[in-house]
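Heads up, the thing below is written out as structure tokens.
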Amino acid sequence: MPYYPRNMHGYGQHPPHPHWPNDAHIAVQFVLNYEEGGENNILHGDAASEAFLSEIVGAAQWPGQRHWNMESIYEYGARAGFWRLHRLFTSKNVPVTVYAVATALMRSPAQVNAMQQAGWEIASHGYKWVEHKDMSPDVERQQIQEAIRLHTLATGEPPRGWYTGRCSVNTVDLISEQGGMEYISDTYDDDLPYWREHNNKPQLIIPYTLDANDMRFATPQGFNCGDQFFTYLKDAFDTLYEEGKSGMPKMMTIGLHCRLIGRPGRIASLVRFIDYIQSHEKVWIPTRLQIAEHWKNTHAFVKRDLVPSQLDRQTFIERFGSIFEHSAWIAERAFDGELAPANDTAAGLHFALRTQFRAASEEQRLQVLLAHPDLAGKLAVAKRLTTESTNEQASAGLDLLTDEERELFTDLNRQYTTKFGFPFIIAVKDNTKGSIIEAFRRRLQNNRESEFVTACGQVERIAELRLRAILPD
């Protein structure tokens, strides 16, 4: 089975209600990235200078050289931008989560002291503010451990949240294996926290943001001025706030950097945004750790008993081979095709099975039709139907027919099979005894081509109903 690991389904159409404290319509969370002193620099043992997220848009790394201007821009973040932001957040009593690079913390004792005095959460932003995409798992694992060690030395306790940022495809798995994190934020895939399993262990994920983020002041086609930043944040807040009022509250994260939003010409937009959200009722402004603690208490991890895409081939076929009546080959082909987390719901797995049914030849689909029993026919009388068919026919009272009704069904079955060459098929659970008889008579007027299409559609509907009885939507 070519398993497709990306999860394109998530919570689907009906996300859970987060039940934020005090029935808040929205949770707004501010993240301050502290990277100054942890960026690429040959003084730090790196091969080249930094090139990312500064006033020098489009900068290139300088191999083997220091970049004086780049260093100075980062230093502004530590020397001036941080303190401007510290005054803003403390004066307005706004909780903050700091994504702190461990080596940056070790070079900023005054800033660490200020973070702690303000009661800010200090989460880990990795060992160094460098790219991890080409890093081997062993090296990245060592750097994770060193980041935790330095973080503990700098703050007095290990981090309880993690965000690498310039991560690798292995980062989330490695942090999950390391353990000890209340949450990981190296994803951008949802408006709510969610649970992710790795090696049969649950890990809470609190997605981060790259759109409501001041980094776009330093990227092409980003924010040119504070007004654009404020408008974007306001529009995002207004949209999510209205969703919350309608019964679907979400989370909004704002990503900030000392050297970017800490500039005087930009921070005014952040001041306006804070004032704007504080003018609304039912707005919760927590740290990410507070969100994690709330989510664990409100939406504790529940392990699913049946996850189709995680089954081995034999178990998958045993479990789903009867969804299409006496046609296990459909489940076999679905397994041998591409399965993914999106196929772990009733609708998702039905899509995978239905696709194989539709892709089959007309003769193969005819054999599926022929595998279905007559309604209230001889097999039903003899109690030789499959468990699924027995329950389905009983749901419309077809197991309790009078002699006159049984005779009518026998006659209709005979007329139908004589004309079309396959049994009458209908999703019994969608119908009553009366509507089934009416459908019998109506469909007898069809030609074979149109009735074949109708019958195949009913086969798919029966399969869907069977899956909905055993899998979540």
Side-chain angles (χ1 to χ4, degrees), residues 7 9-32 89 93-99 115-116 118-124 148 151 155-163 172-173 175-209 237 240-241 243-255 277-278 280-305 307 341 344-345 472-473:
N7 189 337
H9 182 75
Y11 287 123
Q13 186 177 359
H14 303 290
H17 195 297
H19 299 291
W20 299 133
N22 300 314
D23 295 321
H25 297 320
I26 185 173
V28 181
Q29 204 282 302
F30 292 89
V31 169
L32 180 60
F89 286 125
N93 296 313
V94 173
V96 173
T97 291
V98 180
Y99 284 167
M115 295 174 196
Q116 293 185 309
W120 293 356
E121 176 203 354
I122 308 177
S124 181
I148 294 172
H151 188 106
T155 69
E157 58 184 6
R160 298 174 66 187
W162 188 280
Y163 174 74
V172 175
D173 287 346
I175 301 299
S176 299
E177 292 168 13
Q178 176 68 31
M181 297 300 157
E182 296 295 321
Y183 67 90
I184 299 173
S185 286
D186 278 292
T187 72
Y188 312 91
D189 52 4
D190 216 301
D191 296 315
L192 289 172
Y194 62 89
W195 292 99
R196 179 182 185 269
E197 276 193 275
H198 176 64
N199 292 342
N200 292 316
K201 292 175 58 179
Q203 173 65 59
L204 186 64
I205 305 295
I206 302 182
Y208 187 47
T209 179
F237 174 85
L240 294 174
Y241 191 79
E243 288 183 8
K245 287 173 64 176
S246 69
M248 295 188 297
K250 301 294 193 310
M251 173 184 72
M252 179 181 178
T253 298
I254 297 95
I277 66 173
Q278 288 186 332
H280 289 67
E281 63 176 3
K282 295 193 173 183
V283 175
W284 183 40
I285 306 178
T287 64
R288 293 178 93 69
L289 183 57
Q290 287 173 322
I291 291 175
E293 291 169 340
H294 172 82
W295 201 264
K296 288 188 175 186
N297 291 331
T298 308
H299 297 283
F301 174 74
V302 177
K303 188 173 183 63
R304 284 182 55 182
D305 294 329
V307 183
D344 290 333
T345 64
D473 291 337

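We number each residue from 1, following the sequence as shown. Values in this document were obtained by computation on a predicted structure and should not be read as measured data.
- Counting only heavy atoms from C-beta outward, the side chains of W284 and H294 approach each other to under 4.5 Å.
- Tested against E177 for a side chain to side chain donor-acceptor pair (under 3.5 Å), the candidates Q203, H198, K201 yield a single pass: H198.
- Put simply, the side chain of R288 reaches to within 4.5 Å of the side chain of Y208, judged on heavy atoms.
- Checking side-chain atoms of K250 against main-chain N and O of M248 turns up a donor-acceptor pair under 3.5 Å.
- Checked for salt-bridge contact, K296 and E182 meet the test: a charged N lies under 4.0 Å from a carboxylate O.
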| Given Y163 and V31, is the side-chain contact (heavy atoms from CB on, under 4.5 Å) satisfied, shown in steps? | CA-CA 11 Å; Y163 174 74; V31 169; over 6 Å; no
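- In terms of heavy-atom proximity, P286 sits nearest to P95 at C-CB, 4.2 Å.
- Considering all non-hydrogen atoms of both residues, V283 and V28 come closest at CG1-CG2, 4.0 Å.
- Residues H299 and P18 come closest through the heavy atom pair NE2-CA, 3.7 Å.
- Summarising the geometry of P207 relative to L192, their closest heavy-atom pair is CD-O, 3.5 Å, with the distance given to 0.1 Å.
- F89 and W120 have perpendicular rings, their planes meeting at more than 60° on a 0 to 90° scale where under 30° would count as parallel.
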| message | Between M181 and I148, does the side-chain contact (heavy atoms from CB on, under 4.5 Å) criterion hold? Intermediate values first, please. | response | CA-CA 11 Å; M181 297 300 157; I148 294 172; 3.9 Å; yes
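- A side chain to side chain contact (heavy atoms under 4.5 Å, CB included) with W162 is found for exactly one of S176, S185, S124, namely S124.
- Between the CD atom in E157 and the CD1 atom in I122 there is a gap of 8.0 Å [rounded to 0.5 Å].
- Side-chain N/O atoms of T97 and Q29 include a donor and acceptor closer than 3.5 Å.
- One finds the OH atom of Y194 at 3.5 Å from the OG1 atom of T187 (value rounded to the nearest 0.5 Å).
- A distance of 4.5 Å separates CD1 of I184 from CD1 of I205, quoted to the nearest 0.5 Å.
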| query | Can E281 and N22 be said to form a side-chain contact (heavy atoms from CB on, under 4.5 Å), step by step? | reply | CA-CA 10 Å; E281 63 176 3; N22 300 314; over 6 Å; no
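- In this structure, the side chains of D173 and R196 come closer than 4.5 Å at one or more pairs of heavy atoms.
- Looking only at side-chain heavy atoms (C-beta outward), M251 and W20 come within less than 4.5 Å of each other.
- I285 contributes atom CD1, which lies 4.0 Å from atom CD1 of I277 (distance to the nearest 0.5 angstrom).
- Distance check, rounded to the nearest 0.5 Å: NE2 of H280 to CD1 of I26 gives 9.5 Å.
- Ion pair E197/R304 not flagged as a salt bridge, since none of the NZ, NE, NH1 or NH2 atoms sits closer than 4.0 Å to an Asp/Glu carboxylate oxygen.
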| Between I291 and Y183, does a side-chain contact (heavy atoms from CB on, under 4.5 Å) hold up when you go through it step by step? | CA-CA 9 Å; I291 291 175; Y183 67 90; over 6 Å; no
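- Looking at heavy atoms from C-beta onward, P158 lies out of side-chain contact with H151 at the 4.5 angstrom threshold.
- Within the 4.5 Å cutoff, the side chain of K303 has heavy atoms near those of the N200 side chain.
- Contact of the L204 side chain with the W195 side chain is registered, since non-hydrogen atoms from C-beta on lie closer than 4.5 Å.
- Here the straight-line distance linking atom CZ of F237 with atom CD1 of I254 works out to 9.0 Å at 0.5 Å rounding.
- Between V94 and Q278 there is a side-chain heavy-atom pair separated by less than 4.5 Å.
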